[in-house]
Protein chains: 2
Amino acid sequence: MALFTSQGYDATSLRQIADRLGFTKAALYYHFPAKEHLVIELTRPWLDAISNLIALNQSAPGMDEGTRRRRLIEDYIDIVLAHHAVLRFLTQDAAATKHPDVGRRALTLVLALQDALLGPDADDAERIRVGCAIGAVHSTAMMDESTLAAARPIIVSVALGVLGLEQSASSAS
Amino acid sequence: MALFTSQGYDATSLRQIADRLGFTKAALYYHFPAKEHLVIELTRPWLDAISNLIALNQSAPGMDEGTRRRRLIEDYIDIVLAHHAVLRFLTQDAAATKHPDVGRRALTLVLALQDALLGPDADDAERIRVGCAIGAVHSTAMMDESTLAAARPIIVSVALGVLGLEQSASSAS
DNA sequence: GTCTATAGGCAGATAGAC
DNA sequence: GTCTATCTGCCTATAGAC
């Protein structure tokens, strides 16, 4: 992950990875059938987490719309913060972005999240605002791990503000 | 640019570029000394525009802090919208991100913009908010050109809101 | 499970004719 | 300015010994 993130997927060779891990390229192929499976497995936990989040959200019972959206964006922020390294990699790497099981899947999931954050009858302006909110959340990919710990409440406040869901109390997850 | 954006820099070969342009690899090398110069020239206008913006902002005379920041973020939004294709490419491609004259320069410039959007005595929380605002602006990279035309006022409103610079009237640039 | 050795391909870049 | 032909190198992936 460190190599992929610092150099990009295409620019990172199996030789470099094997050297870092202390064995040879051939040994890598005993554990993974191809290079792309390395990045699939590295990103799967994050993708599964989002997939889960959306599934749970859809099967939610009759719940107030405002709190539903608030919980959704807050939970997404927690996922993004928990998988910081994955987001940093994915938002930067075009090669990963193009892969069906990685970037394409990520795009589909984020678009689904975007839809879930909208009501069924939202206009283009609201779509753009939601896109901005997600962009603000994803800006954490650029931050270093140290400032990230204290960042959560601020990110939550910004995202809720952009979405028009401000609320002063009860934001613990 | 189309090939770089859709496939990534590393994954795009000079053969593909030459084929698309209707001549051969060797002819490319008459006009550009190396592959990396293609991406340098493609991104230079955007980078120069930001560089200019920051330089002009620094040499501004005694001006109200609020309007200074408002103008700065609005002008940046205009640059981002005008160079939409460049931003889309740069935010996605790790290979470009690593190049000193492209991604590194872009990072330096965006950080300088971030500093310029802060007062000299801002805390970490304010830093994060500014980062979120820029993230929201950069989310336009994900939008398609059609919805982009109508997006400007919404982006401006979101960014000013996150920065705490809301103002109802006089937002024409 | 890890190794050495190598196959097979395509990349970026150059030489030199026209 | 564009071409054909080619060099050199590294890449992913595989074969087969241990």
Side-chain angles (χ1 to χ4, degrees), chain A residues 1-47 85-107, chain B residues 1-47 85-107:
Chain A
M1 178 67 102
L3 288 169
F4 283 153
T5 302
S6 66
Q7 305 179 325
Y9 173 79
D10 282 331
T12 301
S13 71
L14 293 174
R15 170 144 151 54
Q16 283 178 300
I17 296 170
D19 284 356
R20 173 77 69 102
L21 293 174
F23 43 63
T24 64
K25 281 191 296 172
L28 264 180
Y29 275 96
Y30 176 81
H31 299 281
F32 297 92
K35 183 184 180 183
E36 61 178 358
H37 282 255
L38 291 169
V39 76
I40 291 175
E41 297 308 324
L42 280 171
T43 55
R44 190 195 299 278
W46 184 66
L47 294 166
V86 177
L87 182 74
R88 168 174 253 145
F89 167 62
L90 273 184
T91 55
Q92 278 182 359
D93 199 295
T97 300
K98 309 310 170 190
H99 193 287
D101 295 340
V102 181
R104 292 281 266 265
R105 190 180 165 209
L107 185 61
Chain B
M1 179 67 103
L3 288 170
F4 283 152
T5 301
S6 67
Q7 305 179 327
Y9 174 78
D10 282 330
T12 301
S13 71
L14 293 174
R15 171 146 152 52
Q16 282 178 302
I17 296 170
D19 283 356
R20 172 78 69 102
L21 293 174
F23 44 61
T24 64
K25 278 193 298 174
L28 265 179
Y29 275 94
Y30 176 81
H31 299 282
F32 298 92
K35 183 185 180 184
E36 61 178 357
H37 282 255
L38 291 168
V39 77
I40 291 175
E41 296 308 324
L42 281 171
T43 56
R44 190 194 299 277
W46 184 66
L47 294 166
V86 177
L87 181 74
R88 168 174 253 144
F89 167 61
L90 273 185
T91 55
Q92 278 182 359
D93 200 297
T97 300
K98 308 310 168 189
H99 193 288
D101 295 340
V102 182
R104 292 281 266 264
R105 188 180 167 209
L107 186 61

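Order of the sequence lines fixes the chain letters, A, B, ..., with proteins taken first and strands second; residue numbering starts at 1 for each chain.
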task: Starting from P on C:dG12, measure out to CZ on B:Phe32 and report it in whole angstrom.
output: 15 Å
message: Are the side chains of B:Val39 and B:His99 in contact, using a 4.5 Å heavy-atom criterion?
response: no
query: Cationic tip of A:Lys35 within the cone over A:Tyr9's six-membered ring, i.e. under 6.0 Å and within 45° of the normal?
result: yes
- request: Please work out if B:Ser13 contacts a base, only the sugar-phosphate, or nothing of the nucleic acid, heavy-atom cut-off 4.0 Å.
  value: sugar-phosphate
- prompt: Can any side-chain N or O of A:Thr5 pair as donor or acceptor with the backbone N or O of A:Ala2 at less than 3.5 Å?
  reply: no
- prompt: Expressed in angstrom and rounded to an integer, what is the separation of B:Leu14 atom CG from C:dA13 atom P?
  reply: 6 Å
- prompt: Judged by atom type as modelled, is there a donor-acceptor pair below 3.5 Å linking the side chain of B:Thr43 to the main-chain atoms of B:Val102?
  reply: no
- line: Value for CG (B:Leu14) from OG1 (B:Thr24), rounded to nearest 0.5 Å, stands at 11.0 Å
Spacing between A:Lys25 atom NZ and C:dT4 atom C1', to the nearest angstrom: 11 Å
- request: Shoot me the first and last contacting nucleotide of DNA chain D against chain B, ordered 5' to 3', at under 4.0 angstrom to non-hydrogen atoms.
  value: D:dG1 to D:dT4
task: Whole angstrom is fine here: how far is it from CG in B:Asp19 over to P in C:dC10?
output: 14 Å
- prompt: How would you label the contact of A:Phe23 with the nucleic acid (heavy atoms, under 4.0 Å): base, sugar-phosphate, or nothing?
  reply: sugar-phosphate
message: Which is more 5' along DNA chain C, the nucleotide nearest B:Ala26 or the one nearest A:Ala26? Just name the residue.
response: A:Ala26
Separation of B:Gln92 CD from A:Leu90 CG (nearest 0.5 Å): 11.5 Å
task: Figure out the NE2/C1' separation between B:His37 and C:dG12, and round it to whole Å.
output: 13 Å
